[in-house]
Amino acid sequence: MLTISSKIHDSILNSTSHSKLHHDDKIYAVPEKDWVLKLLSWYDVNKRDLPWRRSKNPYAIWVSEVMLQQTRVETVIPYFERFMSLFPDLQTLATAPEEPVLKAWEGLGYYSRVRNLQEAARQVMERFDGQVPPDPKAFRSLKGVGAYICGAVLSIVFQIREPAVDGNVCRVFARFFGWDDPVGSTMLLKKAWQASMEQLAWLPDERVPDWTQGLMELGALVCIPRSARCGECPLADGCTARAQGKVEILPVRKPRKENQEIYRKALLLTDESGRVLLTQRPDKGLLANMWELPSFEQGFYDLEHVKYEPERSEQFRHVFSHLTWVVDVMPARIDGEKINPLEGSGRVAEESCQYGSDSGQRSWCDKEALSRLPMNNLTLKILKKYGVL
DNA sequence: AATGCGTGGCC
DNA sequence: TGGCCAAGCAT
């Protein structure tokens, strides 16, 4: 049975406590809470100095949590710094045009995250007078704010007892308690949420943010997906997976669906002044509202004043989370009039030619436009490869 | 419940 | 090097 003195107990619970240990303090056992205290004191010593941890500004924490969805800390840091300097507060983000907002997210992926965030910022201005509501139900109602973001922001900023269960927390609990429910299942989520809530119920207010962040920090630094560092883990003693040799098989993961390949052809059309023709994608679905080369799945353009350069043609492969594009890029030059060669008159070689998923919005882009329009990484890679960027 | 939604790093 | 994986949310 583990025992701990009441004063040590208090000083771990309250990181700002300066109370001293007296010789007549009673010793009592708190075995069910011991692992919680160990995690908190581990976090006190091992927490990383991350940009968003220097702030208790709800907007800053919110931005960081949105960026961190399915995205690594090291990737997020420079984006976070830049985004906060461009859009330092909710009102700035709410009133900004979408284009520079998407541009600030360029390369991060999952672009609907930032479109939802901007929509949510506008909702906060309208519905909550510009203040992030310190209430789970109200905050959760905003666009792009799910159970995790809601718990993370409100517990970290306002010390509200709302669990934040992410992939890290699911992994830590699945191993510690030996749960074999698959990742992403309702059951595992529910169990983890409840386990976190049980601790939040008795922790003092000032430890609520540390509990939320400590659980995730342990999952990020020690209880990592592969090759877990159990030797450094403050919870190794009571860990079920450790005791049963199941650390490598927990949490159970469901097999992924196969990634389908989509073939496309893309037109890299440049004019005499070095401008390139881009199109904007529709405002829903994959890469919504981003700009890219005009592309299609079959056929090819046979256009007047256009000279193809098949010897410069190259193939690019781009892997998304759920599909893979295989793209043949066809470089070409146009001279003479600066019309949009893809508009009107249907001068397309094959009737079956489809304009992929472009929305019809097309534009000749000079250096200024290229630096302003948001593009995905494949488009950026192609433009760089051909020296347009 | 299952699927759509990006990207880069890791082994 | 290709498959796996990372601080989720919407539908």
Side-chain angles (χ1 to χ4, degrees), chain A residues 47-48 50-53 61-80 102 105-117 119-120 139-153 155-156 163-172 181-190 192-193 196 209 212-221 223-228 248 251 253-262 281-290 292 317-325 357 374-381:
Chain A
K47 64 183 174 191
R48 290 169 290 180
L50 302 174
W52 44 92
R53 289 201 175 139
I61 302 298
W62 186 2
V63 169
S64 77
E65 294 298 348
V66 174
M67 285 189 174
L68 286 164
Q69 288 178 34
Q70 310 287 285
T71 310
R72 305 180 119 75
V73 166
E74 316 83 71
T75 304
V76 164
I77 290 174
Y79 280 93
F80 175 79
L102 261 183
W105 211 265
E106 183 182 82
L108 258 188
Y110 289 140
Y111 299 98
S112 66
R113 288 183 295 175
V114 77
R115 301 209 309 139
N116 288 340
L117 178 61
E119 173 60 22
F139 188 47
R140 177 77 171 77
S141 73
L142 299 170
K143 194 81 173 174
V145 177
Y148 166 76
I149 297 246
C150 178
V153 172
S155 68
I156 292 171
V165 177
D166 71 336
N168 285 313
V169 176
C170 284
R171 183 170 59 255
V172 168
D181 310 275
V183 168
S185 68
T186 305
M187 185 55 68
L188 181 58
L189 217 56
K190 192 173 164 186
W193 195 94
S196 179
T212 291
Q213 297 177 91
L215 270 176
M216 292 191 287
E217 195 78 335
L218 188 75
L221 298 181
C223 195
I224 52 184
R226 288 170 298 191
S227 307
E248 291 299 322
R253 203 165 274 283
K254 281 184 280 190
R256 289 203 173 189
K257 233 188 79 177
E258 191 175 337
N259 209 346
Q260 189 182 355
E261 281 190 351
I262 306 287
R281 295 178 60 86
D283 71 353
K284 290 182 190 304
L286 182 65
L287 304 173
N289 282 357
M290 308 280 284
E292 66 180 2
R317 171 175 292 261
H318 190 75
V319 180
F320 294 92
S321 51
H322 59 303
L323 56 86
T324 297
W325 280 353
S357 50
M375 293 168 272
N376 88 315
N377 272 9
L378 174 62
T379 303
L380 293 169
K381 183 164 71 175

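All chains are named by letter (A, B, ...) in the order of the sequence lines, taking the proteins before the strands, and each is independently numbered beginning at 1.
Of the candidates B/dC5, B/dG9, C/dA6, B/dC5 carries the atom nearest the A/L323 side chain, counting heavy atoms from C-beta on. When distances are taken from the side chain of A/Q70 to each of B/dG4, B/dG6, C/dC9, the shortest belongs to B/dG6. Residue A/R171 places its side chain closer to C/dA6 than to any other of B/dA2, C/dA6, B/dA1. When distances are taken from the side chain of A/N116 to each of C/dG8, C/dA10, C/dA6, the shortest belongs to C/dA10. When distances run from any side-chain atom of A/Q69 to the nucleotides B/dT7, C/dC5, C/dG8, the shortest one goes to C/dG8. Minimum atom distance to the side chain of A/I149 is reached by C/dG8, of the listed C/dG8, B/dG4, B/dT7. In the set B/dT7, C/dA10, B/dC5, the nucleotide with an atom closest to the side chain of A/L286 is B/dC5. Residue A/P225 places its side chain closer to C/dC5 than to any other of C/dC5, B/dT7, B/dC5.
Side-chain N/O atoms of A/K143 include one lying less than 4.0 angstrom from OP1 or OP2 on C/dT11. A sub-4.0 Å separation between OP1 or OP2 of C/dG3 and a side-chain N or O of A/N259 is absent. A close approach under 4.0 Å does not occur between any side-chain nitrogen or oxygen of A/Y110 and OP1 or OP2 of B/dG4.
Taking the six-membered ring for Trp and thresholds of 30 and 60 degrees, A/W52 and A/F80 have ring planes more than 60 degrees apart, a perpendicular arrangement.
C/dT1 and B/dG6 have their P atoms separated by 27 Å, given to the nearest Å. Taking atom C1' in both C/dA6 and B/dA1, the straight-line distance is 22 Å, to the nearest Å. Between C/dC9 and B/dG8, the two P atoms lie 23 Å apart (nearest whole Å).
The base of B/dG6 sits with one of its N or O atoms less than 3.5 Å from a complementary donor or acceptor on the side chain of A/T71.
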Give the table of side-chain donor-acceptor pairs shorter than 3.5 Å for residues 71-79 of chain A, with sequence neighbours excluded, one pair per line with atom names and distance.
{"residue": "A/T71", "atom": "OG1", "partner": "A/M67", "partner atom": "O", "Å": "3.3"}
{"residue": "A/T71", "atom": "OG1", "partner": "A/Q69", "partner atom": "O", "Å": "2.8"}
{"residue": "A/T71", "atom": "OG1", "partner": "A/R113", "partner atom": "NH1", "Å": "3.2"}
{"residue": "A/Y79", "atom": "OH", "partner": "A/E106", "partner atom": "O", "Å": "2.7"}

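Applying the ring-ring contact (aromatic ring centres under 6.0 Å, His included) test to A/W193 and every residue at least two apart in sequence or in another chain returns nothing.
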